[in-house]
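What follows is a short report on a single structure.
Because the structure is a prediction, the values reported are computed rather than measured. Keep in mind that the numbers below use all heavy atoms, side chains included, and drop hydrogens, waters and symmetry copies.
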Amino acid sequence: MAIHSNLISLLFLATAITILTISPPTSAATRRPQFNVVRFGARPDGRTDSTRAFLTAWTRACGSRVRVIMLVPKGRFLVRNMQFTGPCKNRSIFVRILGTIVAPNNIWTTGNSPHWIEFHRVDGVTISGGVLDGKGAALWACNFEPNSAADYMGMQTLSISNSQNVVVSRLTSLNSHMFHMVINFCHNVKLQGVRISAPGNSPNTDGIHVQFSTAVSIVSSKIATGDDCVSIGPGTANMLVDKVTCGPGHGISIGSLGKDVNEQGVQNVTVRSTTFVGTTNGFRIKAWGKPSNGFARNILFQHATMYNVQNPIFIDQRYCPDRNCADQGSGVRVSDVTYQNIRGTSATQVAVNFDCSNRSPCRGIRLNNVRLTYRNRAAVASCRNAGGTAYGFVQPRSCL
């Protein structure tokens, strides 16, 4: 009996040793340290200015030599302009937002900064969850007022600049003053599962704007706004937009390009599996109608569905909102643009419009399996200074 008891004890001890050997350690030292903004004085009441607490939490997280979490818990947190600046001592900061971050109701308390929340010179940051409420309605009211003397243009809600290896996941942006999210001078940025919402008549509230950046991807996101859902500016290369729903808004735009004479171009952009609902445009390339050495090349628009879109496919090389460049002729070179597997309905009879420049005609435009109708009738295509090919089923009949 004693031998049996001792054997059981030995087996139990051996099992325990095995479990200790193969189980991951669970001590506090092995978990990510958390820097909770409430710990540094933030108040989740939506009224108390918590800006300093957020910046202090960031300073502590950025100064850590191990991977950390900056935590924004449930509640509403009022903050003014904030810049979270690197470089940091670690390359794995997880900004976890469980609550809502709100801008001041009084737009004049935000100063003249063009940014509300900015991440600058960071590497290896993930921003996940939560809501950013820009409270943009007061500024829009000023912009709608024809005799308004206001010279404040407003803030971009979330700006990521001069950074790399950044992820923005499951974040919601509401009612930004101006652009909701801006990626500027960055490399390897992924936005996934984001939700952006502003009224269809809110001015300059682009959803996501990318410029001077490489390897940016926007995936599985829904954007409803008063301007471009996604706008792709000069200096953008190797970009992917995938599974994005747009509407209301002005569609997905490359440009505007060519505002400056000397300007970087846009190249190697793929936009696929998108849905447009009641938007002003579907796929648009827009270039200022004046001299420039800019370009847009190697662009693929693929697998799109459009519902009642005013300009489903549009190249506009006569863009001139300030009317100071009329008839100058765009110098932007548009080439190697493919539209493949595009279907749906146009809100206007001209469903395909290639309005290119006589100074720099569009070249290498390809239409493949395009099926667009207008009020259950045949739509039409319009071409000016555009060359290319059409193959597969193409409706409206190609004018290339």
Do any side-chain atoms of residues 369-379 form donor-acceptor pairs under 3.5 angstrom with protein atoms, and if so which ones, sequence neighbours left out?
| unit_1 | atom_1 | unit_2 | atom_2 | d |
| --- | --- | --- | --- | --- |
| N369 | OD1 | F393 | N | 3.2 |
| N369 | ND2 | N341 | OD1 | 3.4 |

Next item on the list: Would you check if the distance from the ring center of F54 to the ring center of F84 is below 6.0 Å?
Entry: no
Next item on the list: Could you state whether F35 and W58 fall into the same hydrophobic cluster, counting links through intermediate Ile, Leu, Val, Met, Phe, Trp or Tyr residues with side-chain heavy atoms under 4.5 angstrom apart?
Entry: yes
Item checked: Donor-acceptor contact below 3.5 Å, side chain N36 vs main chain V38 -> yes
Item checked: Stacked cation flag R297 on F295, 6.0 angstrom / 45 deg -> yes
Notebook entry, point to check: Between R384 and D355, does at least one N-O distance fall below 4.0 Å, as a salt bridge requires?
Noted result: yes
Next item on the list: Before giving the answer on side-chain contact (heavy atoms from CB on, under 4.5 Å), spell out for M306 and F283 the whole-Å C-alpha distance, their side-chain angles and the decisive distance to 0.1 Å.
Entry: CA-CA 10 Å; M306 306 201 182; F283 299 128; 3.7 Å; yes
Check: Under the 3.5 angstrom rule, does the side chain of D45 hit a backbone N or O of R47 as a donor-acceptor pair?
Finding: yes
Item checked: Donor-acceptor pair, side chain of S273 and main chain of K243, under 3.5 angstrom -> no
Checklist line | Qualifying residues under salt bridge (Lys or Arg N to Asp or Glu O under 4.0 Å), relative to D49, sequence neighbours excluded | finding: R80
Checklist line | Residue pair V241, T270: steps toward the side-chain contact (heavy atoms from CB on, under 4.5 Å) verdict | finding: CA-CA 6 Å; V241 179; T270 296; over 6 Å; no
Checklist line | disulfide (SG to SG under 2.5 Å) assessment of C383 paired with C356 | finding: CA-CA 8 Å; C383 292; C356 301; over 6 Å; no
Margin query: Would N175 and D133 count as a side chain to side chain donor-acceptor pair (under 3.5 Å) here? Give the steps.
Written below: CA-CA 6 Å; N175 300 326; D133 186 351; 4.5 Å; no
Next item on the list: Would you sort out whether D123 and Q164 count as a side chain to side chain donor-acceptor pair (under 3.5 Å), showing the intermediate values?
Entry: CA-CA 5 Å; D123 184 357; Q164 61 183 349; 3.1 Å; yes
Next item on the list: Test W116 against T157 for side chain to side chain donor-acceptor pair (under 3.5 Å), laying out the working first.
Entry: CA-CA 5 Å; W116 179 31; T157 287; over 6 Å; no
Notebook entry, point to check: Which pairs with one or both residues in residues 192-246 pass ring-ring contact (aromatic ring centres under 6.0 Å, His included), sequence neighbours excluded?
Noted result: F179-H209, F185-F212
Notebook entry, point to check: So S92 and R32, side-chain contact (heavy atoms from CB on, under 4.5 Å) or not? Walk me through it.
Noted result: CA-CA 10 Å; S92 183; R32 284 195 185 203; 2.9 Å; yes
Next item on the list: Provide the closest heavy-atom pair for G136 versus H177 in the form atom of the first, atom of the second, distance.
Entry: CA-CD2, 3.5 Å
Next item on the list: Check whether any side-chain heavy atom of L240 sits under 4.5 Å from a side-chain heavy atom of R272, and report yes or no.
Entry: yes
Note to self: I'd like to know if the side chain of S163 reaches the main chain of S161, judged simply by a donor and an acceptor atom lying under 3.5 Å from each other, with no hydrogens or angles considered.
What the structure shows: yes
Note to self: So N238 and V269, do their side chains get closer than 4.5 Å, heavy atoms only?
What the structure shows: no
Item checked: Exercise: identify the closest heavy-atom pair between S50 and A42 -> OG-CA, 3.5 Å
Item checked: R363/D336 salt bridge by N-O under 4.0 Å criterion -> no
Notebook entry, point to check: Among Q211, H120, Q156, which residue meets the side-chain hydrogen bond (donor to acceptor under 3.5 Å, both in side chains) test with N184?
Noted result: Q211
Note to self: Would the distance check show the side chain of S253 and the main-chain N or O of G255 forming a donor-acceptor pair, the cut-off being under 3.5 Å?
What the structure shows: no
Item checked: N293 side chain to E263 backbone, donor-acceptor under 3.5 Å -> yes
Next item on the list: Group every Ile, Leu, Val, Met, Phe, Trp and Tyr by side-chain heavy-atom contacts under 4.5 Å, then state whether I127 and M82 land in the same group.
Entry: yes
Notebook entry, point to check: Does any N or O in the side chain of T59 come within less than 3.5 Å of the main-chain N or O of L55, such that one atom is a donor and the other an acceptor?
Noted result: yes
Check: What are the two closest non-hydrogen atoms of V271 and I252, and how far apart are they?
Finding: CG1-CD1, 3.9 Å
Check: Passes side chain to side chain donor-acceptor pair (under 3.5 Å), Q340 versus T338? Steps please.
Finding: CA-CA 6 Å; Q340 184 178 58; T338 299; over 6 Å; no
Next item on the list: Considering non-hydrogen atoms only, spot the tightest contact between G130 and L171 and give its length.
Entry: O-CD1, 3.6 Å
Margin query: Taking K290 first and then D260, would you say they form a salt bridge - that is, a charged N and a carboxylate O separated by under 4.0 Å?
Written below: no
Item checked: Side chain D228, main chain V230, donor-acceptor under 3.5 Å -> no
Item checked: T214 side chain vs H187 backbone, donor-acceptor pair below 3.5 Å -> no
